[in-house]
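Computed from a predicted model, the values in this text were never measured in an experiment.
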Amino acid sequence: MSTKDETLLRRHGQALDLFTERVHGVGQEQWGASTPCTEWTVRDLVQHLLVEQLWVPPLVRDGATMEEVGDAFEGDMAGPDPVASWDTAADAARAAFAESGALDRTVHLSYGDTPARAYCAQMVTDLVVHSWDLSRAIGADERLPGDLVAAALHEVRPYASDLGKSGLFAPAVEPPPGADEQTKLLSLLGRTP
C-alpha cells in the first residue's frame, strides 16, 4: 500500500473517530435538537451519516451499483439505539475501505463511476464538516483537527461552487478577514462558524 493510501485511510479513521466521539456525546434530550443543517435535527444528522456509512460496504467491497442496493437504506436506520447503530455502520465502513485493494477499486455512484480513493476522500470531508455541525448542535468542542481540516479543504475547493448549486449545501459565505482554515472550510460549505 502506498504512503498516500495509508494517509487517506488514517484520515478516514480519524474522521470516523471524531464523528463517533460526537455521537457518543449526544445526551438523551438532544436527539431532537436543531443543527446548523437547518432542516435536520441531531437524530436526522446522525441518520444521514449513518446511511452514508452503510453504503460503503456494498459499493466498495461488493462493487454494487446504486440501483442494485436500491432502497435498502431508506427509512429509519438509526433505530431505537442510534449510538449502537452508528458504531456498527462506522465499523463496517472502516473495514470495507481498509480491505486489501479496496482503494484501487471503482465505485458506482449516482453521478458516475468514481475511484474508491476519491470516494473515501469525499467521505472524510463529509465526516469532518458534519462533526462540526454535530458539535455545534450538542454544545461540544467545535475545534476540528488541523490535518483533517486541511485535507477536507483540499478535497472540496475544486468543486465547492457546484455544491452550493446542488441544493445539498447552502451557498458559500464570505469568511471574515484573517479567517483560519477551519472557518474557510465551513464558510465554503455554507456555514457561519
> To the nearest 0.5 Å, what is the distance between CZ on Arg94 and CD on Glu99?
14.5 Å
> Arg10 pairs by side-chain hydrogen bond (donor to acceptor under 3.5 Å, both in side chains) with which of His12, Glu6, Gln14?
Gln14
> Going by heavy atoms in the side chains, are Arg143 and Asp180 under 4.5 Å from each other?
yes
> With rounding to the nearest 0.5 angstrom, report the CH2 to CG distance, Trp132 to Leu144.
9.0 Å
> Hey, are the side chains of Arg191 and Cys37 touching, using non-hydrogen atoms and a 4.5 Å cut-off?
yes
> Do you reckon Val56 sits in the same ILVMFWY cluster as Met77, going by side-chain contacts under 4.5 Å, direct or chained?
yes
> Looking at Thr114 and Gly112, would you say the former's side chain and the latter's main chain have a donor-acceptor pair under 3.5 Å?
yes
> Assign the ring pair Tyr119 / Phe97 to parallel, tilted or perpendicular, where the plane angle (0 to 90°) is split at 30° and 60°.
tilted
> Would a distance-only check, ignoring hydrogens and angles, find a side-chain to backbone donor-acceptor pair under 3.5 Å from Glu52 to Met123?
no
> Run the salt bridge (Lys or Arg N to Asp or Glu O under 4.0 Å) check on Glu155 and Arg11 step by step: do they pass?
CA-CA 12 Å; Glu155 168 64 26; Arg11 283 186 184 134; over 6 Å; no
> Okay, side chain of Gln30, backbone of Ile138: is any donor-acceptor separation there less than 3.5 Å?
yes
> Under 3.5 Å, side chain of Ser135 to main-chain N/O of Asp141, donor-acceptor pair present?
yes
> Run the salt bridge (Lys or Arg N to Asp or Glu O under 4.0 Å) test against Asp5 and tell me which residues pass, sequence neighbours left out.
Arg117
> Below 30° counts as parallel, above 60° as perpendicular, anything between as tilted: where do the rings of His130 and His48 land?
perpendicular
> Are any side-chain N or O atoms of Thr65 and backbone N or O atoms of His108, one a donor and one an acceptor, separated by less than 3.5 Å?
no
> Do Val23 and Pro82 have side-chain heavy atoms sitting under 4.5 Å apart?
no
